[in-house]
Amino acid sequence: MDRFTFLDVLRIIGGLLFFNALLSYWFTSDPTWGYHGKYLNWRFYLHQLHGEQTLTLQQLSQYDGSHGSIFLAINGSVFDVSSNRAVYGPGGGYHQLVGKDAARVYVTGCFLKPDEYTHDLRGLDPEECEKDITGWQRFFHNHKNYWYVGQVKLDYDFQGEPPEPCKHVKFPLS
Ligand code: HEM
Ligand SMILES: *[C@@H]1O[C@H](CO)[C@@H](O)[C@H](O)[C@H]1NC(C)=O
């Protein structure tokens, strides 16, 4: 009996994948059993090859969805949210959050005040910051379509007063 060659193994795996896709298409009208998350996104694997990135705020601002990938940052952690252009792209309900580190908005919810779109957390309750910031970071980390890109270099040496608290919180989608 002949030995299996590497090519035979590839053929068998390829055949099984093809059969799986056919089976899935037969039952669900979709070749991937309805899964369309990041593990089927070539950009995700490109990022894995690339490794974690370190961006400046200037570089981050390029990823605002006007062309190519869409990134947002929360207190230094950068996430790729390109898969959800409807929400984060131009005209989307949360488009203002992208291309920058708007950590403060995730805590205050003051979406209508432009000066809230900063990583300046001075004047806010530290416990609330900890809870909201880590909560949202975890949301983007674990999301089926989004992934962690790396860090944005931030300067915490703020001059002047932090943004005023907003009295009437208004949400973009309310
Ligand atoms: C501090 C307060 C809030 C923050 C930081 C916040 C932030 C966000 C973010 C980041 C998303 C996008 C999630 C994703 O990528 O799937 C989202 C989605 C959404 N938010 Fe909020 N939100 C807040 C409050 C609210 C309130 C009060 C409402 C209701 C009026 C609301 C309505 C929605 C809706 C409807 C979506 C789904 C958008 C979609 O998938 O089309 N949000 N929110
Ligand atoms: C924000 O990031 C800074 C610098 O890494 C860190 O010291 C601080 O604890 C973070 N704050 C929150 C609320 O996560």
Side-chain angles (χ1 to χ4, degrees), residues 30 32 34-44 46-48 51-174:
D30 184 281
T32 57
Y35 177 79
H36 294 279
K38 61 187 162 194
Y39 299 109
L40 282 179
N41 187 339
W42 64 272
R43 283 177 191 278
F44 175 69
L46 199 65
H47 161 71
Q48 299 302 309
E52 277 179 25
Q53 285 176 260
T54 304
L55 305 173
T56 62
L57 277 172
Q58 165 62 29
Q59 288 169 322
L60 179 62
S61 72
Q62 308 296 303
Y63 298 95
D64 67 348
S66 49
H67 49 81
S69 294
I70 310 177
F71 292 176
L72 59 75
I74 310 170
N75 196 38
S77 300
V78 182
F79 301 96
D80 188 316
V81 295
S82 310
S83 63
N84 200 353
R85 286 198 87 83
V87 166
Y88 296 108
Y94 287 97
H95 179 58
Q96 294 308 317
L97 292 176
V98 310
K100 54 179 80 93
D101 191 315
R104 193 178 181 92
V105 182
Y106 296 89
V107 183
T108 64
C110 299
F111 286 96
L112 292 186
K113 271 175 85 236
D115 64 348
E116 289 283 311
Y117 292 81
T118 171
H119 61 284
D120 184 353
L121 300 173
R122 289 177 305 155
L124 302 178
D125 174 39
E127 263 177 47
E128 201 179 327
C129 285
E130 176 68 24
K131 179 172 79 61
D132 293 343
I133 298 286
T134 54
W136 279 106
Q137 286 173 340
R138 203 169 297 134
F139 169 82
F140 288 101
H141 245 291
N142 301 336
H143 196 281
K144 68 181 179 19
N145 297 323
Y146 311 148
W147 60 87
Y148 175 70
V149 169
Q151 292 291 119
V152 58
K153 281 181 259 173
L154 295 175
D155 180 1
Y156 287 94
D157 193 19
F158 300 105
Q159 306 297 320
E161 292 296 306
E164 291 278 318
C166 62
K167 294 180 190 78
H168 304 288
V169 177
K170 286 259 171 61
F171 300 96
L173 299 168
S174 62

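Remember, it's a predicted structure, so these values are computed and weren't measured experimentally. All residue numbers in this chain count up from 1 along the given sequence. Read the numbers this way: they start at 1 and go in the same order the structure lists the ligands and their atoms.
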**Request:** Assess the pair His47 and Tyr148: is the distance between their ring centroids shorter than 6.0 Å?
**Result:** no

**Prompt:** Any idea which atoms of ligand 1 are less than 4.0 Å away from a heavy-atom of Tyr146?
**Reply:** 14 (C), 15 (O), 16 (O)

**Request:** Considering the heavy atoms of Phe139, write down every atom of ligand 1 situated less than 4.0 Å from one of them.
**Result:** 13 (C), 14 (C), 15 (O), 16 (O)

**Any Ile133 heavy atom less than 4.0 Å to ligand 2** = yes

**Message:** Can you confirm whether Tyr156 sits close enough to Asn75 that some side-chain heavy atom of one is under 4.5 Å from a side-chain heavy atom of the other?
**Reply:** yes

**Asked** Is there a side-chain contact between Arg104 and Pro163, using heavy atoms and a 4.5 Å cut-off?
**Response** yes

**Request:** Provide, to 0.1 Å, the distance between atom 8 (C) of ligand 2 and the closest protein heavy atom, together with that atom's residue and name.
**Result:** Asn75 ND2, 3.8 Å

**Prompt:** Can you tell me which residue and heavy atom of the protein come closest to atom 4 (C) of ligand 2, and the distance to 0.1 Å?
**Reply:** Tyr156 OH, 3.7 Å

**Request:** Could you give me the CA-CA distance, side-chain angles and deciding distance for Asn84 and Tyr146, then say whether side-chain hydrogen bond (donor to acceptor under 3.5 Å, both in side chains) is met?
**Result:** CA-CA 9 Å; Asn84 200 353; Tyr146 311 148; 2.9 Å; yes

**Asked** Hey, is atom 2 (O) of ligand 2 under 4.0 Å from any protein heavy atom?
**Response**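 Within 4.0 Å of atom 2 (O) of ligand 2, protein heavy atoms are found.
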
**Prompt:** N/O to N/O below 3.5 Å, does that happen between His143 and ligand 1?
**Reply:**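 There is no such contact.
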
**Item:** CZ on Phe79 to CH2 on Trp136, rounded to 0.5 Å
**Value:**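 So the gap between those two atoms works out to 11.5 Å.
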
**Request:** Can you label the angle between the Tyr39 ring and the Tyr35 ring as parallel, tilted or perpendicular, going by 30° and 60°?
**Result:**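 Parallel, since the angle between the ring planes stays under 30°.
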
**Prompt:** Can you tell which of Tyr106, Trp136, Phe79 gets a heavy atom nearest to atom 7 (C) of ligand 1?
**Reply:**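 Looking at heavy atoms only, the winner is Trp136.
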
